[in-house]
Amino acid sequence: MQRPDLKGREGILSVHTRKVPLAPDVDTKKIARGTPGFSGADLANLVNEAALIAARLNRKAVIHADFEYAKDKVLMGAERRSMIISDDEKRSTAYHEAGHALVAHLLPNTDPVHKVTIIPRGRAMGLTQQLPLDDRYNYNKDFLDNMIAICLGGRISEELTLGQITTGAENDLETATELARKMVCEWGMSNELGPVSLGKKEAEIFLGREFAQQNVIGPETAIKIDQEIKRIIVQNYDRAKNLLVENRHLLEKIAECLLERETLDTEEIRRICEGLPLEDRVDESEGPGKKEAAKVKRAPVVVPQN
Ligand code: ZN
């Protein structure tokens, strides 16, 4: 489906905000610029969520921070703060997400990390969300290789730091494999197989040998496809691993900060990687979940008695 461009998003936003009271700090152009890849339905949802938050907090008008909060909800799913997570799980999630975030930060030619979090959202225990700076219409091979490396960064980080492999990486592997398959079979990006389209994916089929069963391509080509997918995965696995080994200190630091703050944004990741101290949190959004969480954290101050 065609996603609206900047002008289109701005238009959609002004239609949906027509009946919503907006504070003076809300600029639909700015929101449109910050939402590349959003569909019309996403944008309608965004306005709706922002209005809901403002109403819940008894604000007369929707402020810009409400839109930022709503954007994360639309992008990453609702926070599930009520979920009970053990410290061990939190630690694995922090190292896993730190791996994705660091590989994404270190590689050029990739979308910047918008946010990384260890607060469960939707079905995920944690999330590293990238967001393009501009509208993107096509991807080059370099960019796709980087996406695969970033996907694998989570699992590699867990292996390196905690010596474990968890099922949390399952989705990442699927995404990485699917990207590699498309590079080989649909986008003609494999030197071995050449610039050919080898059939589109149907339903759950995504490995070469299954294409062969459909008699779409010969068994030799099927083997080649498998080998090429594997080669792309292994190459990017090694690339991501080297980056994480070389920058192990940054990996540890990001994970530590994640455990402490639960969420880091672009600017904070940049500061960590440049060895700068993190600034105190300015109330980046007054979402109700965050306030409650802050209350819980600050509540009991126990003074030891002798
Ligand atoms: Zn992951």
Side-chain angles (χ1 to χ4, degrees), residues 37 72-81 83 85-107 110-132 139 143-183 206 229-230 232-245 247-248 250-266 268-269 272-273:
D72 285 351
K73 191 166 173 189
V74 173
L75 266 176
M76 312 194 280
E79 289 184 347
R80 290 200 298 157
R81 286 184 176 273
M83 201 172 155
I85 311 154
S86 72
D87 284 350
D88 274 356
E89 274 174 312
K90 247 191 181 165
R91 234 171 95 79
S92 334
T93 309
Y95 277 98
H96 182 98
E97 298 307 326
H100 288 310
L102 184 56
V103 176
H105 177 82
L106 293 171
L107 287 174
T110 184
D111 291 332
V113 174
H114 169 63
K115 230 154 236 188
V116 45
T117 179
I118 56 167
I119 300 167
R121 276 175 179 274
R123 282 175 55 210
M125 293 295 286
L127 215 67
T128 299
Q129 182 71 47
Q130 291 171 267
L131 192 65
Y139 303 96
F143 184 91
L144 294 163
D145 273 324
N146 289 347
M147 268 172 88
I148 294 173
I150 294 163
C151 260
L152 300 169
R155 178 192 171 102
I156 298 169
S157 169
E158 281 188 75
E159 274 172 36
L160 278 178
T161 55
L162 307 172
Q164 66 179 20
I165 299 173
T166 62
T167 52
E170 191 189 327
N171 243 331
D172 295 334
L173 283 180
E174 262 173 45
T175 310
T177 309
E178 174 58 13
L179 275 169
R181 188 202 63 81
K182 280 191 169 157
M183 287 170 77
F206 59 77
I229 292 173
K230 201 167 175 188
I232 291 173
I233 298 282
V234 169
Q235 245 174 28
N236 285 304
Y237 180 95
D238 290 343
R239 228 154 51 91
K241 188 165 182 176
N242 287 339
L243 278 176
L244 293 179
V245 168
N247 297 280
R248 173 84 185 248
L250 295 178
L251 185 64
E252 302 276 355
K253 189 86 190 122
I254 294 174
E256 262 169 48
C257 292
L258 264 177
L259 282 168
E260 198 183 293
R261 297 189 169 216
E262 295 189 319
T263 298
L264 297 170
D265 62 21
T266 323
E268 288 168 320
I269 291 168
I272 294 170
C273 292

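Whatever order the structure lists ligands and atoms in, that order sets their numbers, starting from 1.
- When NE2 of His100 and NE2 of His96 are joined through the Zn ion (ligand 1), the resulting angle is 90° to the nearest 10°.
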request  = Decide salt bridge (charged side-chain N to carboxylate O under 4.0 Å, His left out) for Asp172 and Arg155; before the verdict, give the C-alpha distance in whole Å, the side-chain angles of both, and the deciding distance to 0.1 Å.
outcome  = CA-CA 8 Å; Asp172 295 334; Arg155 178 192 171 102; over 6 Å; no
task = Go through Arg181 and Glu178 one step at a time and tell me if the salt bridge (charged side-chain N to carboxylate O under 4.0 Å, His left out) criterion holds.
result = CA-CA 5 Å; Arg181 188 202 63 81; Glu178 174 58 13; 3.3 Å; yes
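- Taking backbone and side-chain atoms together, Glu97 has no N/O/S atom less than 2.8 Å away from the Zn ion (ligand 1).
- Counting just the N/O/S atoms of Asp172, the one with the shortest distance to the Zn ion (ligand 1) is named OD2.
- Atom CD in Glu262 sits 5.0 Å away from atom NZ in Lys90 (nearest 0.5 Å).
- Nearest heavy atoms, Ala255 versus Ala98: N-CB, 3.8 Å.
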